[in-house]
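Data first, discussion second: the structure below is written as structure tokens.
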Amino acid sequence: MAGGEKKKSGGGGKKKEVKKETGLGLSFTKDENFGEWYSEVVVNGEMIEYYDISGCYILRPWAMSIWENMQTFFDAEIKKMKVKNCYFPLFVSPGVLQKEKDHIEGFAPEVAWVTKSGESDLEVPIAIRPTSETVMYPYYSKWIRGHRDLPLKLNQWCNVVRWEFSNPTPFIRSREFLWQEGHTAFATKEEADTEVLQILELYRRIYEEFLAIPVTKGRKSELEKFAGGLYTTSVEAFIPNTGRGIQGATSHCLGQNFAKMFEINFENEKGEKSMVWQNSWAYSTRTIGVMVMVHGDNKGLVLPPKVAALQVIVIPVPYKDADTQGIFDACAATVATLSDDGIRAEADLRENYSPGWKYSNWEMKGVPLRIEIGPRDLANNQVRAVRRDNGEKTDISRVFLVEQVKGMLDKIQQNLFDVAKQKRDACIEVVKTWDEFVKALGQKKLILAPWCDEEEVEKDVKTRTRGEMGAAKSLCTPFEQPELPEGYCISRRKEYEVKAKYRILYVLYNSLLSQRKYYAGTKCFASGKPAKKWTYWGRSY
Ligand code: 86X
């Protein structure tokens with residue numbers, strides 16, 4: 001088998017009977033061996049083929065069409081915001097790459113270089129873009145002169161290369177991936193701030209409305225933000241099986257840091273020289289991996305109808321001496337009717353496979369709705385529809401085919417989201433103390449805890465939770481904050497308790513009170529200091 005790092009099957013989870021019967025099933029279950037299940041499902045579902053370079057994967061049409069369906073939505077939305085598409089080169093000269101050393105420094109080991117052409121060494125090695133700030137911003141400096149050149153809003157759909165060394169996973173962590181990267185420049189911070197949130201809302205919609213995955217919008221901590229920027233916002237998803245958070249997409253306000261480094265200046269309306277305010281934002285093919293992890297089951301992929309290449313698969317179920325031609329014609333007619341109304345439908349008319357084999361095959365590929373047409377259906381002018389998400393079977397009169405199918409696809413889309421949200425929410429644990437935190441972490445929870453928002457405390461959380469599973473970190477501070485009682489004013493009951501306890505040292509008690517030593521508000525789960533906000537914590541991808 002090709003594929004450098006394809007793990008050998010056999011170890012770990014149990015092989016399932018279904019595989020023996022049909023040769024189609026999965027050898028691993030989602031609950032027993034999630035990692036192997038995932039590798040198998042993306043391959044058997046025909047999204048991915050492993051490649052002979054570790055960390056690089058072939059995106060097959062089944063995966064690519066999902067990417068394109070999201071792209072169609074996002075591209076149209078950013079165009080409404082007057083963002084223009086462009087394309088900058090893949091290659092970066094070393095000088096340009098080094099230009100902003102500070103932010104490159106930590107990433108340097110991940111940069112891939114071209115050092116040869118044919119047999120001869122290049123005079124100057126050339127880097128392959130890991131992201132395009134250093135490629136694009138010198139030209140922003142050139143193109144932006146006066147306030148009339150602003151805002152400048154560019155986006156590119158492209159590939160990037162980051163030579164990662166920790167365990168590569170299709171879609172989730174690959175050395176080359178596809179993304180869009182938006183880079184915008186404004187005259188004022190207010191405009192930049194507004195756009196950060198507009199883009200973040202589009203990312204939320206990609207996850208929630210297209211991929212049927214619940215996400216949390218929020219802000220990254222100082223430790224987890226993009227170091228080159230001012231602040232980072234993100235949408236965060238959660239994988240219940242592994243108990244890990246995963247960053248879904250990011251929208252950064254870069255402030256004026258890059259403007260300083262790249263001298264991106266303009267003359268404002270008053271004729272004064274000023275610096276631009278910049279944003280950058282991206283989502284990648286990682287989205288597809290999150291979708292597989294959240295919705296997939298022991299039969300294979302489960303695709304949300306809004307992104308699926310194929311929404312309906314029509315399968316003839318001929319029977320001995322029944323009217324086979326009539327059944328095949330009914331299948332073709334059903335596909336034609338659905339297609340006319342914009343539903344992505346196809347018939348599987350292959351004669352060398354049994355209906356049962358086809359059912360398993362399309363279940364593996366995750367097609368949202370299967371339509372079966374047998375002799376009885378033909379006689380009753382109906383079809384039988386079977387949902388991929390819950391197995392529900394419905395007989396549909398061909399008279400109401402389109403409206404019924406549309407209704408079912410909508411229901412599937414909604415149900416996938418509802419079930420995913422229910423599972424995610426069931427994993428959320430609100431904790432107030434360190435002990436509760438450690439316990440919840442051991443139970444693979446998504447933890448919401450009050451935090452003092454101090455960098456040193458987050459570093460401390462990381463060191464205190466270090467282990468083979470990886471350390472816990474802050475995922476985001478959600479924009480939607482539960483109530484967080486603060487303040488030093490001691491409650492009557494507390495005062496009574498304290499009085500009782502310190503009766504003997506009444507003077508000390510009074511002096512402590514006057515020094516406001518008794519913080520009566522919510523305390524940080526890790527430091528005990530006054531908490532400033534509720535923040536999500538957990539292990540992450
Ligand atoms: C951070 C920041 C930013 C534009 C986004 O998140 C949205 C789209 N870029 C990307 N980042 C790096 O800057 C980086 C740099 C190098 Cl040299 C590298 F090898 C890897 C990197 N990974 C992330």
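For ligands, and for the atoms within them, numbers begin at 1 and follow the listed sequence.
Remark: Lys423 NZ is loosely packed, at most 12 non-hydrogen atoms of other residues, nucleotides or ligands lying under 6.0 Å away.
Classification of Lys532 and Glu486 as a salt-bridged pair fails, no side-chain N sitting under 4.0 Å from a carboxylate O. Between Asp149 and Arg145 there is no salt bridge, since no side-chain N of the basic residue sits under 4.0 Å from a carboxylate O of the acidic one. In summary, Glu456 and Lys459 engage in a salt bridge, as defined by a charged side-chain N under 4.0 Å from a carboxylate O.
Closest to atom 6 (O) of ligand 1 among all protein heavy atoms lies His252 NE2, 2.7 Å. Of the protein's non-hydrogen atoms, Glu133 OE2, 3.2 Å is the one closest to atom 4 (C) of ligand 1. From the protein, the heavy atom lying nearest to atom 10 (C) of ligand 1 is Arg162 NH2, 3.9 Å. Taking atom 7 (C) of ligand 1 as the reference point, the nearest protein heavy-atom neighbour is Ala282 CB, 3.5 Å. Of the protein's heavy atoms, His103 NE2, 2.7 Å lies nearest to atom 13 (O) of ligand 1. At the top of the distance list for atom 11 (N) of ligand 1, counting protein heavy atoms only, stands Phe107 CZ, 3.4 Å.
Using a 4.0 Å cut-off to heavy atoms of Val111, the atoms of ligand 1 that qualify are 17 (Cl), 19 (F). Listed by number with element, the atoms of ligand 1 under 4.0 Å from a non-hydrogen atom of Glu110 are 19 (F), 20 (C). Here is the list of ligand 1 atoms found below 4.0 Å of a heavy atom in His183: 4 (C). Within ligand 1, the atoms closer than 4.0 Å to a non-hydrogen atom of Thr250 are 6 (O), numbered from 1 in the order shown.
Residue His183 is tested with Tyr140, Tyr137, Phe88 for a ring pair (Phe, Tyr, Trp, His ring centres under 6.0 Å); the sole match is Tyr137. The one candidate from Phe210, Tyr207, Phe73, Trp67 that meets the ring pair (Phe, Tyr, Trp, His ring centres under 6.0 Å) condition with Tyr283 is Trp67.
Nearest heavy atoms, Phe186 versus Lys153: CE2-CE, 3.9 Å.
Formation of a donor-acceptor pair under 3.5 Å by the Arg60 side chain with backbone atoms of Met47 is not found in this model.
Using a 4.0 Å heavy-atom cutoff, Trp179 is listed among the residues neighbouring ligand 1.
For the residues Ser280, Ala249, Pro130, the heavy atom positioned nearest atom 19 (F) of ligand 1 is part of Pro130.
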